[in-house]
Asks: 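Encoded as structure tokens, here's the structure I'll be asking about.
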Amino acid sequence: MSAQERVLSGFRPSGPLHIGHLVGALQNWVSLQDRYRCFYAICDWHALTSEYANTENLKEYVFQMALDWLTAGLDPDRSTLFVQSRVKEHAELHLLLSMIVPLGWLERVPTYKEQQQQMANRDLTNYGFLGYPVLQTADILAYKAQWVPVGEDQISHLELCREIARRFNSLYGEVFPEPQPKTTRVPRLPGTDGRKMSKSYGNAVYLSDPETEVRQKILTMVTDPARVRRADPGNPDICPVFTLHKAFSSQSTQDSVNVECRRAGIGCVDCKTMLLGHLNPILAPLREQRQALAQRPGHVRDILEQGAGKARQVAAATLEEVRDAVRI
Ligand code: TRP
Ligand code: SF4
């Protein structure tokens with residue numbers, strides 16, 4: 001684990017980040033900053049693979065994502081934060097890799113068919129969408145990243161990335177390390193309806209939500225369905241509100257909810273109010289910082305441009321090696 005080992009990860013800019021992203025991914029990314037050389041990319045080309053027909057909000061989403069990242073503690077002095085499409089080397093590497101990736105490998109990636117079915121309202125029979133994991137591989141290999149912090153849903157893409165790296169190395173000589181995923185143990189946060197927190201379910205609490213909205217969302221959140229009346233005992237183990245307590249509340253609050261819910265010593269409104277007592281002090285400074293940053297769009301754009309400059313240097317050096325190896 002040397003400071004020279006590189007980490008790369010990215011998000012598609014598809015809307016504002018919610019507190020599930022904060023706990024699941026961003027806090028992990030933040031903690032890696034001191035131990036590795038970190039590259040974090042806002043992957044706007046990846047957004048295009050499915051949203052090619054709806055680009056009107058894309059630039060705004062990129063900006064919002066930069067605000068969310070900076071607010072969550074990604075630090076441009078310690079990490080390289082940039083927009084994928086500003087570093088053309090990703091596109092060149094994607095093209096070169098596309099030559100050596102058999103179609104069968106791509107058709108077999110589980111997310112390919114799944115997403116086509118889930119987004120049945122879009123035509124996803126396009127070339128770019130099939131190549132999504134090749135582009136992701138280019139993002140990673142352009143920096144020779146050893147580590148890729150991602151959620152469980154990205155494991156199959158990482159496996160493919162390693163296969164592509166191996167195939168490149170065996171055809172042209174050892175250029176790329178085989179990147180490993182770094183998954184977090186934090187469970188996925190439930191949203192207000194108890195399903196996984198997700199923008200598409202409309203059940204998310206956003207980093208950008210005002211306090212009144214956070215309160216309203218938490219107070220209307222589903223609980224243990226067996227607690228119909230205040231006097232009914234509940235079971236925190238199956239209650240999504242309790243999962244949020246585990247992510248945000250102190251141990252003593254968790255312990256007391258765990259006891260009092262089971263003997264109907266507290267009601268769900270009391271319980272949610274306690275949760276807000278822990279959640280609000282975490283979100284308030286973030287919200288304030290986010291608002292302050294939003295007032296300085298030029299500053300945020302400068303950070304991304306400087307990041308792209310730093311990223312380009314590293315990626316350009318890799319591409320020199322790649323062109324040599326391919327003899328082009
Ligand atoms: N596919 C990732 C996701 O949907 C986003 C992503 C793009 C990414 N490029 C990457 C993740 C490179 C890790 C490394 O979440
Ligand atoms: Fe859930 Fe809390 Fe209500 Fe128990 S008291 S059911 S943990 S919201």
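Basis for what follows: all heavy atoms, side chains included, without hydrogens, waters or symmetry-related copies. For ligands, and for the atoms within them, numbers begin at 1 and follow the listed sequence.
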Asks: Charged N to carboxylate O below 4.0 Å: is that the case for Asp193 and Lys217?
Replies: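 Result for this pair is no, no salt bridge flagged.
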
Asks: Number the atoms of ligand 1 from 1 as they appear, then name those within less than 4.0 Å of a heavy atom of Ile140, with their elements.
Replies: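 Numbered from 1, ligand 1 contributes 12 (C), 14 (C).
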
Asks: Are Gln64 and Arg290 linked by a side-chain donor-acceptor pair shorter than 3.5 Å?
Replies: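 Judged by distance alone, the side chains do pair up.
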
Asks: Compute the centroid of each ring, for His46 and then for Phe11, and state whether the two points are separated by less than 6.0 Å.
Replies: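 Aromatic pair excluded; centres sit 6.0 Å or further apart.
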
Asks: Parallel, tilted or perpendicular for Phe242 and His245, by the 30°/60° rule?
Replies: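 Answer is tilted, since the angle falls between 30° and 60°.
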
Asks: Does Leu135 approach ligand 1 within less than 4.0 angstrom via side chain, backbone, both or neither, non-hydrogen atoms only?
Replies: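 Within the 4.0 Å criterion, Leu135 makes no contact with ligand 1.
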
Asks: By number and element, which atoms of ligand 1 are closer than 4.0 Å to a non-hydrogen atom of Arg12?
Replies: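 Here the atoms of ligand 1 in question are 4 (O).
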
Asks: Would you say Glu60 and Asn57 are linked by a side-chain donor-acceptor pair, where the criterion is simply a distance under 3.5 Å?
Replies: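 Glu60 and Asn57 do not have a side-chain donor-acceptor pair below 3.5 Å.
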
Asks: Which heavy atom of the protein is the closest neighbour of atom 3 (Fe) of ligand 2, given with residue, atom name and distance?
Replies: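 The closest heavy atom on the protein side is Cys268 SG, 2.3 Å.
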
Asks: Compute the minimum heavy-atom distance from Gly234 to ligand 2 and say whether it is under 4.0 Å.
Replies: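 Not so, Gly234 does not reach ligand 2.
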
Asks: Under a 4.0 Å N-O cut-off, is there an ion pair linking Glu321 with Lys144?
Replies: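 Salt bridge: yes.
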
Asks: In terms of residue, atom name and distance, what is the protein heavy atom nearest to atom 5 (C) of ligand 1?
Replies: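 Sorting protein heavy atoms by distance from atom 5 (C) of ligand 1 puts Gly10 O, 3.5 Å first.
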
Asks: Report the part of Cys239 in contact with ligand 2, treating N, CA, C, O as backbone and CB onward as side chain, heavy atoms under 4.0 Å; options are side chain, backbone, both, neither.
Replies: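 The answer is the side chain.
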
Asks: So which protein heavy atom does atom 10 (C) of ligand 1 come closest to, and at what separation?
Replies: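 So the nearest neighbour among protein heavy atoms is Gln136 CG, 3.4 Å.
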
Asks: Heavy atom under 4.0 Å from ligand 2: found in Asp224's side chain, backbone, both, or neither?
Replies: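 Both backbone and side chain.
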
Asks: With atoms numbered from 1 as shown, which atoms in ligand 2 lie under 4.0 angstrom from a non-hydrogen atom of Val241?
Replies: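 Those atoms are 8 (S).
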
Asks: Is the shortest distance from a heavy atom of Arg227 to ligand 2 less than 4.0 Å?
Replies: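 Contact check Arg227 vs ligand 2: positive.
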
Asks: If the threshold is 4.0 Å, N to carboxylate O, is there a salt bridge linking Arg86 and Glu305?
Replies: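 Looking at Glu305 together with Arg86, the answer is yes, because their closest N to O distance falls below 4.0 Å.
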
Asks: Any idea which atoms of ligand 1 are less than 4.0 Å away from a heavy-atom of Leu8?
Replies: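 Numbered from 1, ligand 1 contributes 12 (C), 14 (C).
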
Asks: Among protein heavy atoms, which sits nearest to atom 9 (N) of ligand 1, and what does the distance come to when rounded to 0.1 Å?
Replies: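 Minimum-distance protein heavy atom for atom 9 (N) of ligand 1 reads Asp139 OD2, 2.7 Å.
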
Asks: From Cys271, does some N, O or S atom reach closer than 2.8 Å to atom 3 (Fe) of ligand 2?
Replies: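 It does not; every qualifying atom lies at 2.8 Å or beyond.
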
Asks: Compare Tyr132, Phe11, Tyr143 and give the one whose heavy atom is closest to atom 4 (O) of ligand 1.
Replies: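 Considering heavy atoms of Tyr132, Phe11, Tyr143, the nearest to atom 4 (O) of ligand 1 sits in Tyr132.
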
Asks: So that I know where these two stand, are His90 and Tyr143 an aromatic pair - ring centroids less than 6.0 Å apart?
Replies: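 Distance test on ring centres: under 6.0 Å, yes.
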
Asks: Tell me, which protein residue and heavy-atom name are nearest atom 4 (Fe) of ligand 2, and how many Å apart are they?
Replies: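 For atom 4 (Fe) of ligand 2, the nearest protein heavy atom is Cys261 SG, 2.3 Å.
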
Asks: Quick test: of every protein heavy atom, which one is nearest to atom 3 (C) of ligand 1, and how far off is it to 0.1 Å?
Replies: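 Going atom by atom, the protein heavy atom closest to atom 3 (C) of ligand 1 ends up being Gln154 NE2, 3.4 Å.
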
Asks: Flag the pair Asp237 and Arg262 as a salt bridge only when some basic side-chain nitrogen lies within less than 4.0 angstrom of an acidic carboxylate oxygen.
Replies: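 A salt bridge links Asp237 with Arg262.
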
Asks: Between Arg12 and Glu51, is the closest basic N to carboxylate O distance under 4.0 Å?
Replies: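 Salt bridge: no.
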
Asks: May I ask you to check whether Thr253 and Ser250 show a side-chain donor-acceptor distance below 3.5 Å?
Replies: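 Yes.
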
Asks: Any idea which atoms of ligand 1 are less than 4.0 Å away from a heavy-atom of Val148?
Replies: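 Close to Val148: 13 (C), 14 (C).
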
